[in-house]
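Structure record follows, encoded as structure tokens.
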Amino acid sequence: MVKILGVEFAPLRVPLERRIQTLCLSQWVLVFLFGGFGCLFLCIYLLFTRFYWIPLLYAVWYLLDRKTSETGGNAISWIRYNVVWRKMGEYFPAKLHKTADLDPRKSYVFGLHPHGIMHISGFLSFATEATGFSELFPGLFPHLAILHGQFQFPFYRDYLMTAGMCSVSRNSFNWMLNRPGHCACVVVGGAMEALESKPGSLNLVLMKRKGFIKQALIHGASLVPVFSFGENDVYEQVDNPDGSFLKRLQLFLTHRVFGFSLPIIRGRGIFNYTFGVFPHRRPLNTVVGAPIDVEKTDEPTQEQIDSLHERYVRGLKEMFNSNKTKFGFSEDAKLNFIG
């Protein structure tokens with residue numbers, strides 16, 4: 001490693017395997033950051049060229065296919081099993097851990113915590129086979145459920161759906177949870193929790209998030225708490241304490257403008273370890289907790305929702321406490337629920 005003017009540069013003689021891992025990771029990060037708007041701007045540009053017919057044809061396809069994001073996506077096996085994702089997972093490395101068997105005759109709602117900056121662990125574990133989900137849970141198919149707005153971008157939406165990703169909407173829940181063996185994987189804390197993502201942070205936005213609980217009751221789907229140790233460690237974030245101008249601006253943009261948050265991140269580059277948009281190499285260990293069985297209730301009351309939510313929080317705490325010392329946290333570390 002060479003340090004010049006405070007910048008730590010990667011050594012020239014990095015093993016080829018690590019270079020390949022970084023390359024596979026880099027393509028995903030760039031697509032995550034720029035893919036949606038990049039595809040949109042490309043379509044607008046093509047309308048003013050001799051290739052105007054491409055976006056016009058795609059518009060027809062979009063109209064025919066617009067509901068697919070709420071019917072499980074268009075999963076393609078060779079894409080989910082692609083070696084690119086396995087190499088991306090080896091970069092950290094990322095691993096998936098099972099604590100209990102899951103019956104493929106049932107449907108499930110996975111609650112994923114924490115969000116982190118990009119929720120890399122959730123993508124690797126539930127939108128690809130990089131960590132061997134199908135081997136650990138035979139007969140189950142996970143759908144990573146994300147913001148519906150992501151499926152409004154041309155071409156980008158098709159890229160997402162090839163991994164079985166789908167919209168986190170009522171119609172989408174109805175489709176997934178009415179089919180045994182399907183798992184709706186929900187990043188519960190969402191955009192707000194991304195603003196809390198810092199190395200070592202255990203802040204979770206959960207106490208007012210009860211929509212996924214209601215859907216589990218309506219469909220009688222078992223709830224499964226999932227915690228990804230290390231997700232908050234792969235990026236640093238510019239300090240944004242509560243009440244600061246930066247935090248107020250981020251909250252305004254999240255709630256009033258974009259619908260997604262804009263954390264100011266500090267990562268690494270391809271050839272340096274000091275700054276950039278790529279995550280640091282930190283172990284990602286995603287632990288899938290024991291299922292919480294749920295009795296089907298067509299019209300759940302608020303009391304029933306609150307009661308099941310309390311059971312879920314207890315299950316998440318128990319799962320975290322049982323595994324925290326294995327993955328770098330001290331015995332006295334506790335989850336902090338902030339909203």
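Source: prediction; values computed, not measured. Basis for what follows: all heavy atoms, side chains included, without hydrogens, waters or symmetry-related copies.
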Using the ring of each side chain (for Trp, its six-membered ring), is F123 parallel, tilted or perpendicular to W85, with breaks at 30° and 60°?
-> perpendicular
Measure across A333 and N321 and return the closest heavy-atom pair with its distance rounded to 0.1 Å.
-> O-OD1, 4.1 Å
Using atom types as modelled and distance alone, determine if a side-chain donor or acceptor of Y235 lies under 3.5 Å from a backbone N or O of V277.
-> yes
Minimum heavy-atom separation for D233 to G200, with atom names?
-> OD1-N, 2.8 Å
Taking everything shown except K324 itself, do over 12 heavy atoms lie less than 6.0 Å from its NZ?
-> yes
Just do the salt bridge (Lys or Arg N to Asp or Glu O under 4.0 Å) check on D298 and K296 with the steps written out, would you?
-> CA-CA 7 Å; D298 292 333; K296 182 177 172 62; 3.7 Å; yes
Hey, is K247 close enough to E196 for a salt bridge, meaning N to O under 4.0 Å?
-> yes
Mind running side-chain hydrogen bond (donor to acceptor under 3.5 Å, both in side chains) on D158 and Y58 for me, showing each step along the way?
-> CA-CA 11 Å; D158 302 276; Y58 185 84; 2.4 Å; yes
Salt bridge E90-K87, side-chain N to carboxylate O under 4.0 Å | yes
Going through the checks in order, is the side-chain hydrogen bond (donor to acceptor under 3.5 Å, both in side chains) test met by T325 and E331?
-> CA-CA 6 Å; T325 57; E331 187 64 48; 4.6 Å; no
Does the side chain of F327 reach to within under 4.5 Å of the side chain of V287, using non-hydrogen atoms?
-> yes
Look at the side chain of R179 and the backbone N and O of W175, then say whether any donor-acceptor pair between them is shorter than 3.5 Å.
-> yes
Run the salt-bridge test on K198 and D239 with the 4.0 Å N-O cut-off and return the result as yes or no.
-> no
Specify the closest pair of heavy atoms between L33 and M118, including all atoms of both residues, with the distance to one decimal.
-> CD2-CE, 3.6 Å
Any L112 side-chain heavy atom under 4.5 Å of V188 side chain | no
Near D306 CG, under 6.0 Å, is it more than 12 heavy atoms from other residues, nucleotides or ligands?
-> yes
Would you confirm whether D65, through its side chain, and W61, through its main-chain N or O, come within 3.5 Å as a donor-acceptor pair?
-> no
Under 3.5 Å: donor-acceptor pair, side chain of S228, backbone of T286 = no
Can you find a side-chain donor-acceptor pair between E231 and S121 that sits under 3.5 Å?
-> yes
In terms of heavy-atom contacts, does NZ of K98 have more than 12 from other residues, nucleotides or ligands at under 6.0 Å?
-> yes
For residues S167 and S172, is any side-chain donor paired with an opposing acceptor at under 3.5 Å?
-> no
Show your reasoning for whether side-chain hydrogen bond (donor to acceptor under 3.5 Å, both in side chains) applies to N74 and T68.
-> CA-CA 7 Å; N74 280 322; T68 303; 4.5 Å; no
Specify whether Y156 and Y159 have parallel, tilted or perpendicular ring planes, treating 30° as the upper limit for parallel and 60° as the lower limit for perpendicular.
-> parallel
Give the minimum heavy-atom separation between T99 and V288, together with the two atoms involved.
-> OG1-O, 2.6 Å
Using modelled atom types only, decide if a donor and an acceptor are shared between the side chain of N171 and the backbone of N174 within a distance under 3.5 Å.
-> no
Is a side-chain donor-acceptor pair under 3.5 Å present for Q215 with R170?
-> no
Side chain proximity check, F92 to P279, heavy atoms < 4.5 angstrom = yes
Without swapping roles, check the side chain of H119 against the backbone of G190 for a donor-acceptor pair under 3.5 Å.
-> no
Should we say atom CZ of R266 is surrounded by more than 12 heavy atoms from elsewhere, each under 6.0 Å from it?
-> yes
Would you find a donor on one side and an acceptor on the other, under 3.5 Å apart, between the side chain of R281 and the backbone of Y91?
-> yes
Any donor-acceptor pair under 3.5 Å from N285 side chain to H97 backbone | no
Return the minimal non-hydrogen interatomic distance between S197 and Q237, and the atom names on each side.
-> O-NE2, 2.8 Å
Ring pair (Phe, Tyr, Trp, His ring centres under 6.0 Å) partner of F126, chosen from F137, F141, F110, Y108 | F110
Sub-4.5 Å side-chain heavy-atom contact between I120 and W28 | yes
Does atom CD of E17 have more than 12 heavy-atom neighbours from other groups under 6.0 Å away?
-> yes
Would you sort out whether H115 and N232 count as a side-chain hydrogen bond (donor to acceptor under 3.5 Å, both in side chains), showing the intermediate values?
-> CA-CA 8 Å; H115 183 287; N232 282 341; over 6 Å; no
Under the 3.5 angstrom rule, does the side chain of S134 hit a backbone N or O of G132 as a donor-acceptor pair?
-> no
Please lay out, stage by stage, how F212 and F173 fare under the test ring-ring contact (aromatic ring centres under 6.0 Å, His included).
-> CA-CA 9 Å; F212 73 109; F173 274 110; 8.6 Å; no
Are S222 and V109 side-chain neighbours, meaning at least one heavy-atom pair lies under 4.5 Å?
-> no
On a heavy-atom basis, the closest approach of V84 and C24 is O-CB, 3.5 Å
F153 and F155: aromatic ring centres closer than 6.0 Å?
-> no
In terms of side-chain geometry, is the basic nitrogen of K334 or D332 positioned less than 4.0 Å from the acidic oxygen of its partner?
-> no
Note, Y312 side chain near P225 side chain (heavy atom, < 4.5 Å) | yes
Main-chain N/O of Q304 paired with S307 side-chain donor or acceptor, under 3.5 Å = no
